[in-house]
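Below you'll find the structure, written out as structure tokens, and then a few comments.
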Amino acid sequence: HIVVNVFGGADASFRLHFDDGLTYDYEKGAFATVDLQWNDAEGRLCISAPEGDASLLPEGLNFTLRLFTPEGCRTSASVVYDNGQIEITL
């Protein structure tokens, strides 16, 4: 389960890195990355399809997404990630 806190006001991006958590195999390319991109004007978060070894991502990975504004937590959403691109409007 991954909680993503988005603080509105500007566009932003972040890269999640997944590996086996046990070995140094990531040094040999055994890892996957997932990009998150926030479009502030559209209020949209895009979670990319994984790049690399998608088998290293946990099955049924759940994201809780929360958008914060100066007034506080405006909205939240929960999505199950199935290794495909997801776009969520918050």
Side-chain angles (χ1 to χ4, degrees):
H1 184 98
I2 297 175
V3 177
V4 178
N5 292 324
V6 176
F7 294 87
D11 292 347
S13 62
F14 184 80
R15 177 167 285 167
L16 292 172
H17 178 98
F18 296 89
D19 60 35
D20 66 11
L22 301 171
T23 68
Y24 290 99
D25 287 351
Y26 66 90
E27 293 178 344
K28 300 173 191 164
F31 65 89
T33 59
V34 174
D35 292 331
L36 286 78
Q37 294 182 330
W38 171 248
N39 182 313
D40 197 63
E42 297 178 12
R44 187 180 71 233
L45 181 72
C46 180
I47 303 173
S48 74
E51 291 188 25
D53 187 354
S55 72
L56 294 166
L57 277 71
E59 267 189 54
L61 179 59
N62 187 359
F63 284 93
T64 297
L65 312 166
R66 298 187 295 194
L67 173 61
F68 289 87
T69 64
E71 294 77 33
C73 184
R74 188 176 87 190
T75 189
S76 64
S78 183
V79 296
V80 175
Y81 182 70
D82 64 359
N83 293 350
Q85 181 171 315
I86 299 174
E87 292 189 15
I88 304 103
T89 300
L90 296 174

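Please read all numbers here as calculations on a predicted model, not as lab measurements.
Cluster annotation: Leu67 and Phe7 are assigned to distinct hydrophobic clusters (Ile/Leu/Val/Met/Phe/Trp/Tyr, side-chain heavy-atom contacts under 4.5 Å, transitive). Grouping the Ile, Leu, Val, Met, Phe, Trp and Tyr side chains by contacts below 4.5 angstrom, directly or via other members, places Ile2 with Ile86.
Put simply, the side chain of Val6 does not reach to within 4.5 Å of the side chain of Leu65, judged on heavy atoms. At least one side-chain heavy atom of Val34 sits less than 4.5 Å from a side-chain heavy atom of Ile47. Side-chain contact check for Ile88 versus Phe63: every heavy-atom pair is 4.5 Å or farther apart. Inter-residue side-chain proximity for Thr89 and Glu42 is flagged as unmet; no heavy-atom pair is nearer than 4.5 Å.
Glu27 CD: more than 12 foreign heavy atoms inside a 6.0 Å radius. For Gln85, the CD atom counts as densely surrounded, since its 6.0 Å shell holds more than 12 non-hydrogen atoms of other residues, nucleotides or ligands.
Between Phe18 and the choices Thr33, Asp53, Leu61, the side-chain contact (heavy atoms from CB on, under 4.5 Å) rule is met once, by Leu61.
Although no hydrogens or angles enter the test, the distance criterion places a donor-acceptor pair under 3.5 Å between the side chain of Asp11 and the main chain of Asp40.
To the nearest 0.5 angstrom, Leu45 atom CG is 9.0 Å from Gln37 atom CD. A distance of 7.5 Å separates NZ in Lys28 from OG1 in Thr23, rounded to the nearest 0.5 Å.
Closest heavy-atom contact between Leu90 and Ala77: CD2-CB, 4.0 Å. Scanning both residues, Ser48 and Tyr81, for their nearest heavy atoms gives O-OH, 2.5 Å. Shortest non-hydrogen contact noted between Ser78 and Thr64 is OG-OG1, 4.1 Å. Heavy atoms only, all atoms of each residue included: Ala32 and Leu57 are closest at CB-CD1, 3.5 Å.
Side-chain heavy-atom separations under 4.5 angstrom define the hydrophobic clusters, and the remaining members of the one that includes Tyr26 are Tyr24, Phe31.
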